[in-house]
Amino acid sequence: MGATENLSSGVSAFEHYMLVDDRPKYPMVFWLVMTLQGQADEARLSAALNQALTHHPMLSSHLIGDRRGLRAKLRWQHVKNSTVYLDVGPEGSPLRFPTSQTPESENIANEDRKSPIAIDLSREIGVRAFLRQGIENCTVHFQFHHSVSDGLGAIRFMEDVLRCYDGAGAKVAIPPRLPALLKRRNLCGLNPWQILRAIPLFLVRAWRFYLSNPEPLSLGFSDGLVGEAVFQCPARENGQLSAEELAQLKVAARKDGASINDSLLTHVFSSIDSWQRTNELFDRIKRNRRVRILVPVNMRQAQDHLMSATNMIGMAFIDRRGTVLDRPAQLLHSVINEMGAVKRYGLGFALNFATWLGGFIRGGVGGLASQCLTWRCAATAVLSNLGDPLAHCDLPRDESGQIMTGGLTLSCVELLPPLRLYTNMAIGVVTYAGRLTMTAHYDHTILSKQDVCYLLSGILAAARLGNAVPVSEEREVRGGNQLVTDF
């Protein structure tokens with residue numbers, strides 16, 4: 001496509017951070033999972049993947065330069081005629097990743113290739129797909145390197161795949177994706193005056209991030225997802241709020257002056273606190289321990305809706321101590337106030353700004369990304385809410401609002417944010433066809449399925465009751481068939 005020639009070849013501050021924090025045993029990758037009713041045509045899906053790829057130049061680019069060096073010496077190079085890796089297998093079979101890269105790569109050190117989950121952007125593009133066929137349903141796992149796209153950008157790519165699959169090779173009416181808009185990703189939609197005015201706030205938040213010590217969700221330790229553990233990836237549990245339950249949650253949140261995300265964030269804090277109490281972890285951690293939830297913040301403006309897949313997010317970290325967790329009403333209102341300030345002043349850009357400064361010094365971003373400074377854990381957990389990203393998709397829908405494409409019906413979409421060292425669980429939230437799906441992506445070498453089900457059912461039970469205190473008092477899964485597991 002000629003549009004790819006407009007791709008800004010420079011690497012943004014956020015992209016640089018994602019590249020440097022791409023760790024040997026915890027690669028900087030995230031997942032989208034589509035569950036579809038029916039069996040997909042493999043050749044048709046492969047063609048749709050590659051046709052959609054032509055509209056998203058960041059996803060089909062290689063990194064040129066040493067990611068640990070100066071940002072000014074890094075650039076993206078678009079790869080013409082690139083194709084998406086597609087692995088096909090029966091339902092329940094492990095995902096098969098591409099064979100290990102050869103050791104000559106100058107950008108990814110040898111130790112960074114110990115896990116086949118890692119995507120080597122010096123040699124392959126930043127998206128992969130895995131199709132698993134069942135008798136009545138199939139799933140498609142999309143894997144993305146976080147330096148080339150965020151969750152909303154990945155959804156745009158997924159949406160285009162659905163359109164191309166529906167068109168089956170014919171000329172498909174895909175909304176125009178404008179690569180020229182990618183230049184806006186550097187400032188995340190903020191103008192220089194907004195950034196200049198907020199610099200003191202950025203520095204204060206970055207300082208707090210690096211000098212405070214949040215506690216990990218679990219006190220266990222893992223060497224990371226290596227060896228046989230890789231073949232159980234991605235480990236996930238999910239649960240849903242029905243359309244009626246979601247409507248009730250909206251009413252309860254509105255009554256408190258909160259957003260859906262404010263309420264969910266409060267429930268995540270409370271569920272983590274309840275789980276640690278149940279496991280008597282608080283006896284080994286000071287009662288005023290710091291729990292930190294990392295919340296990606298969408299920085300897109302109205303004019304960015306035609307942008308192709310890329311990163312246009314910041315990161316807000318929300319810290320709460322154990323004493324506040326004992327008072328649910330105070331916890332909720334404190335979350336409302338802080339998230340309001342994050343949106344009002346663009347504070348999600350704080351870490352991007354710190355990384356931008358570090359990028360002028362060789363090894364500066366590596367120092368910022370290092371988890372061996374004054375803390376071992378960057379965040380206790382992650383909560384990433386994409387909202388209802390397919391609300392305006394123009395593909396046909398069935399009576400329940402589910403998208404239909406090429407004889408398939410899209411029944412569920414899940415987001416699995418990246419796992420990091422000592423961040424054992426990352427929660428993704430997607431609203432689709434009137435239902436809210438919450439998926440916990442977790443490190444199964446540290447947390448058990450039972451642990452994650454307890455945490456997730458506590459969040460969902462509290463959301464159903466409109467109560468900031470999880471109702472799960474016993475160590476068991478609640479919610480019946482609304483709690484589903486695939487891996």
Side-chain angles (χ1 to χ4, degrees), residues 201 204-205 208-209 212-215 217 239-242 244-283 285-297 315-345 347-348 379-385 387 425 427 429 431 436 438 440 454-475 478-479 482:
L201 295 175
V204 168
R205 287 191 72 83
R208 284 175 52 198
F209 178 82
S212 56
N213 293 279
E215 297 292 344
L217 183 61
Q240 285 190 341
L241 296 181
S242 67
E244 294 76 14
E245 291 167 337
L246 180 57
Q248 291 171 2
L249 177 61
K250 289 179 180 178
V251 171
R254 193 178 301 118
K255 189 181 301 183
D256 289 318
S259 67
I260 293 292
N261 208 52
D262 294 336
S263 296
L264 293 178
L265 183 55
T266 303
H267 301 329
V268 172
F269 273 118
S270 296
S271 188
I272 288 175
D273 183 55
S274 175
W275 182 77
Q276 290 184 326
R277 287 171 180 265
T278 300
N279 286 274
E280 299 182 343
L281 294 179
F282 68 96
D283 287 339
I285 304 174
K286 291 184 294 185
R287 187 65 193 98
N288 67 344
R289 70 193 185 282
R290 184 185 300 270
V291 177
R292 172 178 293 164
I293 309 299
L294 196 63
V295 181
V297 179
M315 294 289 182
F317 61 92
I318 311 299
D319 290 8
R320 293 296 179 268
R321 293 186 179 276
T323 51
V324 178
L325 299 176
D326 292 331
R327 300 187 288 275
Q330 181 182 343
L331 173 62
L332 174 60
H333 289 294
S334 70
V335 167
I336 293 171
N337 291 335
E338 184 164 357
M339 288 305 297
V342 166
K343 297 170 186 174
R344 191 162 52 250
Y345 300 111
L347 299 182
T380 308
V382 176
L383 177 65
S384 180
N385 189 349
M425 183 177 71
I427 298 172
V429 180
T431 300
L436 183 148
M438 176 176 285
Y454 177 90
L455 286 157
L456 193 58
S457 60
I459 299 167
L460 292 170
R464 292 185 184 107
L465 292 177
N467 190 328
V469 182
V471 298
S472 300
E473 296 298 338
E474 299 178 3
R475 194 175 173 77
R478 297 187 183 272
Q482 289 183 319

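If you're wondering where the values come from, they're calculated on a predicted model, not measured in any experiment.
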Taking side chain as C-beta onward, heavy atoms only, is [X] less than 4.5 Å from [Y]?
{"X": "Ile260", "Y": "Val429", "answer": "no"}
{"X": "His267", "Y": "Met438", "answer": "no"}
{"X": "Leu347", "Y": "Leu201", "answer": "yes"}
{"X": "Val324", "Y": "Phe269", "answer": "no"}
{"X": "Ile427", "Y": "Leu455", "answer": "no"}
{"X": "Ile293", "Y": "Ile272", "answer": "yes"}
{"X": "Leu265", "Y": "Asn385", "answer": "no"}

What is the minimum heavy-atom distance between [X] and [Y], and which atoms define it?
{"X": "Leu241", "Y": "Ala463", "answer": "CD1-CB, 4.1 Å"}
{"X": "His333", "Y": "Asp256", "answer": "CE1-O, 4.0 Å"}
{"X": "Tyr454", "Y": "Ser274", "answer": "OH-OG, 2.9 Å"}
{"X": "Gln248", "Y": "Arg464", "answer": "OE1-O, 4.3 Å"}
{"X": "Gln240", "Y": "Glu245", "answer": "O-OE1, 4.0 Å"}
{"X": "Ala258", "Y": "Leu332", "answer": "CB-CD1, 4.3 Å"}

Could you tell me the separation between the [atom1] atom of [X] and the [atom2] atom of [Y], rounded to the nearest 0.5 Å?
{"X": "Arg205", "Y": "Glu338", "atom1": "CZ", "atom2": "CD", "value": "5.0 Å"}
{"X": "Arg292", "Y": "Arg320", "atom1": "CZ", "atom2": "CZ", "value": "11.5 Å"}
{"X": "Leu460", "Y": "Leu465", "atom1": "CG", "atom2": "CG", "value": "11.0 Å"}
{"X": "Ser270", "Y": "Arg327", "atom1": "OG", "atom2": "CZ", "value": "12.5 Å"}
{"X": "Asn261", "Y": "Ile336", "atom1": "CG", "atom2": "CD1", "value": "11.5 Å"}
{"X": "Ser263", "Y": "Ile459", "atom1": "OG", "atom2": "CD1", "value": "12.5 Å"}

Exercise for review: List in chain and number order the residues that pass salt bridge (charged side-chain N to carboxylate O under 4.0 Å, His left out) with Asp262, two or more places apart in sequence or in another chain; answer none if no residue qualifies.
Suggested key: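 Not a single residue meets the salt bridge (charged side-chain N to carboxylate O under 4.0 Å, His left out) criterion with Asp262.
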
Practice item. Go through the structure and list residues passing side chain to side chain contact (heavy atoms under 4.5 Å, CB included) with Lys343, not counting sequence neighbours. Key: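 If we apply the side chain to side chain contact (heavy atoms under 4.5 Å, CB included) test to Lys343, skipping adjacent residues, the hits are Ser259.
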
**Study point:** Partners passing side chain to side chain contact (heavy atoms under 4.5 Å, CB included) against Val297 (at least two apart in sequence or in another chain)
**Key:**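 Applying side chain to side chain contact (heavy atoms under 4.5 Å, CB included) to Val297 gives Met299, Ala316, Val342.
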
Point to revise | Expected output: side-chain Thr380 to main-chain Glu215 donor-acceptor under 3.5 Å | key: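 Here the side-chain-to-backbone pair exists.
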
**Study point:** Donor-acceptor contact below 3.5 Å, side chain Ser334 vs main chain Leu331
**Key:**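 At least one qualifying donor-acceptor pair exists.
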
